[in-house]
J.: 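Okay, handing you the structure first.
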Amino acid sequence: MSKKIWSVLIVGIILLIPFLGYELWYVPNYAGEDYYTFVGDSYQEVIEKDDSGNDYRAYYYRQKSYDKDGNEKLLKFNSAIGRPIKLDNFIKVTYNKKRDLVLSWEKVQKNEVPTKSLDALDE
């Protein structure tokens, strides 16, 4: 084969490696499906100690959450902000099935919640 073909093959392989790494490692471990929930006062407050021995409060939630199709999943997560999540807010939770872990959550407006999820939350 000519040098030009070998060069194209090598460049193609080099460009393919990050894409495969993203698809085969990052997506399964650090991406997830979005679920929606409504936060009330259903948290559990726990006083824990950090590595230095100082006390801090953690707020844990067990919430029925719904995906965009209205399928229910019971998710566990914490506030991660040092105080409870404000009451009466809609939350979008990103859940990773492989790790069985909530990766993140964020407040969303009611009009951002998919209709089927909103219907399930209203029941």
J.: Please report the C-alpha distance between Leu101 and Leu103 in whole Å, then the side-chain angles of each, then the deciding distance to 0.1 Å, and finally whether the side chain to side chain contact (heavy atoms under 4.5 Å, CB included) criterion is met.
T.: CA-CA 6 Å; Leu101 179 69; Leu103 301 174; 4.1 Å; yes

J.: What distance do Thr94 atom OG1 and Asp34 atom CG have between them, rounded to the nearest 0.5 Å?
T.: 4.5 Å

J.: Does Asp67 reach the main-chain N or O of Asp69 with its side chain, forming a donor-acceptor pair under 3.5 Å?
T.: yes

J.: Is the count of non-hydrogen atoms from other residues, nucleotides or ligands lying under 6.0 Å from Phe19 atom CZ greater than 12?
T.: no

J.: Would you check if the side chain of Trp105 reaches a backbone N or O of Asn78 as a donor-acceptor pair within less than 3.5 Å?
T.: yes

J.: Looking at every non-hydrogen atom in both residues, tell me the closest pair between Ile85 and Tyr61 and how far apart they are.
T.: N-OH, 2.8 Å

J.: Side-chain contact test, heavy atoms from C-beta onward, threshold under 4.5 Å: evaluate it for Lys98 versus Asn29 and give yes or no.
T.: yes

J.: Residues two or more places apart in sequence or in another chain: which of them pass side chain to side chain contact (heavy atoms under 4.5 Å, CB included) with Lys97?
T.: Tyr95

J.: List the residues meeting side-chain hydrogen bond (donor to acceptor under 3.5 Å, both in side chains) with Arg57, not counting sequence neighbours, and say none if there are none.
T.: Glu45

J.: Between Glu23 (side chain) and Leu20 (backbone), is there a donor-acceptor pair under 3.5 Å?
T.: no

J.: Do Phe38 and Tyr35 share a hydrophobic cluster, counting only Ile, Leu, Val, Met, Phe, Trp and Tyr and linking them when any side-chain heavy atoms are less than 4.5 Å apart?
T.: no

J.: Treat each ILVMFWY residue as a node, draw an edge where side-chain heavy atoms are under 4.5 Å apart, and state whether Trp25 and Tyr22 are in one component.
T.: yes

J.: CG/Asp55 to NZ/Lys49 distance, rounded to the nearest 0.5 angstrom?
T.: 4.0 Å

J.: Closest heavy-atom contact between Lys86 and Val39?
T.: O-CG1, 4.2 Å

J.: Tell me the closest heavy-atom pair linking Lys107 and Asn89, and the distance in Å.
T.: CE-OD1, 2.9 Å

J.: Between Thr37 (side chain only) and Ile91 (backbone N and O only), is there a donor and an acceptor less than 3.5 Å apart?
T.: no

J.: Treat each ILVMFWY residue as a node, draw an edge where side-chain heavy atoms are under 4.5 Å apart, and state whether Leu121 and Val108 are in one component.
T.: yes

J.: Among side-chain atoms of Tyr59 and Gln44, is any donor-acceptor pair under 3.5 angstrom?
T.: no

J.: Could you list the residues that satisfy side-chain hydrogen bond (donor to acceptor under 3.5 Å, both in side chains) with Tyr30, not counting sequence neighbours?
T.: none

J.: Without swapping roles, check the side chain of Ser7 against the backbone of Lys3 for a donor-acceptor pair under 3.5 Å.
T.: yes

J.: Just verifying a value: how many Å separate Ile14 CD1 and Leu16 CG, rounded to the nearest 0.5 Å?
T.: 11.0 Å

J.: Just how far is it from atom CZ of Arg62 to atom NZ of Lys76, taken to the nearest 0.5 Å?
T.: 5.0 Å

J.: Is Leu75 reachable from Tyr43 through a run of I, L, V, M, F, W or Y residues, each pair having side-chain heavy atoms under 4.5 Å apart?
T.: yes

J.: Write down the atom of Asn96, the atom of Ala31, and the distance for their closest heavy-atom approach.
T.: ND2-O, 2.7 Å

J.: Is any side-chain heavy atom of Lys110 closer than 4.5 Å to a side-chain heavy atom of Leu118?
T.: yes

J.: For Tyr56 and Asp50, which heavy atoms make the closest approach, and how far apart are they?
T.: CE2-N, 3.6 Å

J.: Given the side-chain rings of Tyr36 and Tyr66, with only the six-membered ring counted for Trp, is the space between their centroids under 6.0 Å?
T.: no

